Amino acid sequence: MAHDLSILEAFFEECEDLIVALTEGLAEMREGSADDETMNAVFRAVHSIKGAAGAFALDELVGFAHKFETVLDAVRSDRLEVDEKLLRVLQRAGDILADLVDDARDETPANRAVVDPILAELQSFLGPYGEGQQAVEEAFSFEAVALDIGMQESEAAGYRVSFQPSSEFYALGHDPTLIIAALMELGEATVEVDAQYLPVAFADFEWSRGYLTWQIDIVGLTTDLPIRDVFQFMDDICALKITALDASEQDAMVPPDVGVATSQALPAMALAPAEGIKRPAKKPATTLRVDPERVDRLINAVGELIINQSVISQRLQEAELPNTAELFADLDDYKFLAREIQEGVMAIRAQPVKPLFQRMMRIAREAADATGKDVDLIMTGEATEVDKTVVERLADPLTHMIRNAIDHGIEKPADRVAAKKEKQGKLRLSASQRSGSIVIEIADDGAGLNRSDIRTIAIEKGLIAPDAVLSDQEIDHLLFAPGFSTATEITNLSGRGVGMDVVKTAITALGGRIAITTNPGHGTTFSITLPLTLAVMDGMIITVGGQTMVVPISSILETIRPVAGDISKLGLNSEVIRIRGEHIPIIDLAERLGHHPSVKEMTDRVLLLIQTEAIPQCALAVDEIFDQRQVVVKSMSGNYGEIVGVSGATILGDGKIALIIDPDAVTSTPAITPQFTTPDREVAHVGAS
């Protein structure tokens, strides 16, 4: 059957949201913080995916979701006890369901070697509850849904449905009689209505309020799934309770031809008037899906707007107008509006890192299973928002770092017990915003870095000389060398000599840097610092060797005009400056970039005190500082490849192109020649694979 591609794409987009809700609910269940509504939300997510997938004849997806929701329904109705084993299987089933959605989108067959074992585990939990349904589920399809409801040959059972609509129920145009009619089609039913809250005087009647409560007893159902289908889109706007009928209640039921009767009490469900129902307020969906290309075009237009603002500012300065001219006030308003527009447009591209972190939960589970370790992944700061491009390109580096932390950082359970640690290892993944950047930390409570082993391996691989004298930080940096690995054997996770150098390259390509702190025997923490957006940044306009350049404001701590008494020689060509009792190395930016050294004395130049991961603090010597302004970042890698010490370029107000300096690269590499070389910087995790 051919389907409208736009409708099919909408289905997959909806599945993404449902998978997120499913993952969140299962995580809450694992943490022990789930309530009945959480369990219902998890069930609804799987049930909605199954129902919509059936409309597109996605049989593999429907069949798996059906088995999954059957187990969830057994949990929800207290027929299954939730334990650690069940929670693990449910989370793995959630992973497989996401894979099946991706397979359906890509029109690729499911990996039965992965799917079938999870199906078997789900079936094992059903036990007698699942008997008699095996044949139906094996041939399950969308057309079979109607046959699966109320047509199984089993002993008649029944359910009592009690529901009370809220005012929102009526405001949205719903009709209780239609709900009752749909329920009566499911089997023999009797209906009662509780009208005790109806006002006596007609003048007191308010049409928007819900005064009535209905109770419907239905015989002939072995599961409450058909009932919940009826309320699938309304359980948030009415008080709903579904309970199983025992045999005595079924025998005492009034025949269905009695119709609707009025009673003064509803013992199965004591409810207050509808206006008194305390339910969390549901905001209407306000999400607007926009083609990313349109957003990119808008961002480019905003970038040109900022460049245009710089051009106008430059022209006014060249005109040497008096400071009292009204044009300057108008220009300030223009700058303010341009920044407001820029921030608004960037907010469109911003998205929380929560989906990315949830993907890491699965990576952690799989790595823990593969290594036979018990690891608890703790996530914080999932609501932190960053540019969508950053989120997408972070997936691979984070995946590798999570695997390395579990494979090499966290010890095996027996080793942890011997070290007087908890048997379960802790892995923390956090995100936060700090001064215009996003910081992502991966911290484990494992054994920490073994620098002695790292040094030995580096010597064996010829990365350093046997007699080389290295600091702890320099030894840590060796982990980023291509081909470096501490793994002693090749596994699915590590040992092939490809790993942390790729992580370093990916983080560097995003304009970020990575730092490491380790405490032998107690764990290691990696900190990834990235720009919030890849398009616009605040920069300091400087001149170096006759060239105009830009230094990111986020890396500058302060600017210094040095005096002769604070500068000291170190060796033949190096200098340091004393700042508040500490001696800080001075790096000549012109010399570091391959320009001719400046002829100016150091006291006639300006120092930018910066902080990087390679050097805690250092001072960049530049010729002059002109301005601080917002610049639009343009990538150069597509045309020129990687240039050491340069992260991009921008267009200034006078039309000149200025290179954007990468402070971390400049400070972590020696002075370079005009022939650019590849920097060896950043930091990595023990056991890079």
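From a predicted model like this one, the values you see are computed outputs, not experimental measurements.
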Report task. Hey, could you give me the SG/CG distance between C618 and L608, rounded to the nearest 0.5 Å? Result -> 9.5 Å
Report task. Answer yes or no: is there a side-chain heavy-atom contact under 4.5 Å between R92 and E366? Result -> yes
Query raised in the report: Under a 4.5 Å cut-off applied to non-hydrogen side-chain atoms, are E411 and K373 in contact?
Result: no
Query raised in the report: How long is the span from the CD1 atom in I587 to the CG atom in L620, to the nearest 0.5 Å?
Result: 6.0 Å
Report task. Identify the two heavy atoms, one from A621 and one from I586, that lie closest to each other, and give their separation to 0.1 Å. Result -> CB-CG2, 4.1 Å
**Report entry** Nearest-0.5 Å distance, CE of residue M360 to CE of residue M379
**Finding:** 10.0 Å
Requested in this report: Taking the side chain as every heavy atom from C-beta outward, state whether V622 and R605 have any pair of such atoms under 4.5 Å apart.
Outcome: no
**Report entry** Sole candidate of T399, D99, T23 that passes side-chain hydrogen bond (donor to acceptor under 3.5 Å, both in side chains) when paired with R362
**Finding:** D99
Query raised in the report: For K354, which of E382, E385, E24 qualifies under side-chain hydrogen bond (donor to acceptor under 3.5 Å, both in side chains)?
Result: E24
Report summary line: The residue among T650, I625, D627, V551 that forms side-chain contact (heavy atoms from CB on, under 4.5 Å) with I541 is D627
Requested in this report: Identify which one of D445, T518, D444 satisfies the side-chain hydrogen bond (donor to acceptor under 3.5 Å, both in side chains) criterion when paired with T524.
Outcome: T518
Query raised in the report: Does V544 reach the side chain of I661, with side-chain heavy atoms less than 4.5 Å apart?
Result: no
Query raised in the report: Measuring from Q547:CD to L589:CG, what's the distance to the nearest 0.5 Å?
Result: 11.5 Å
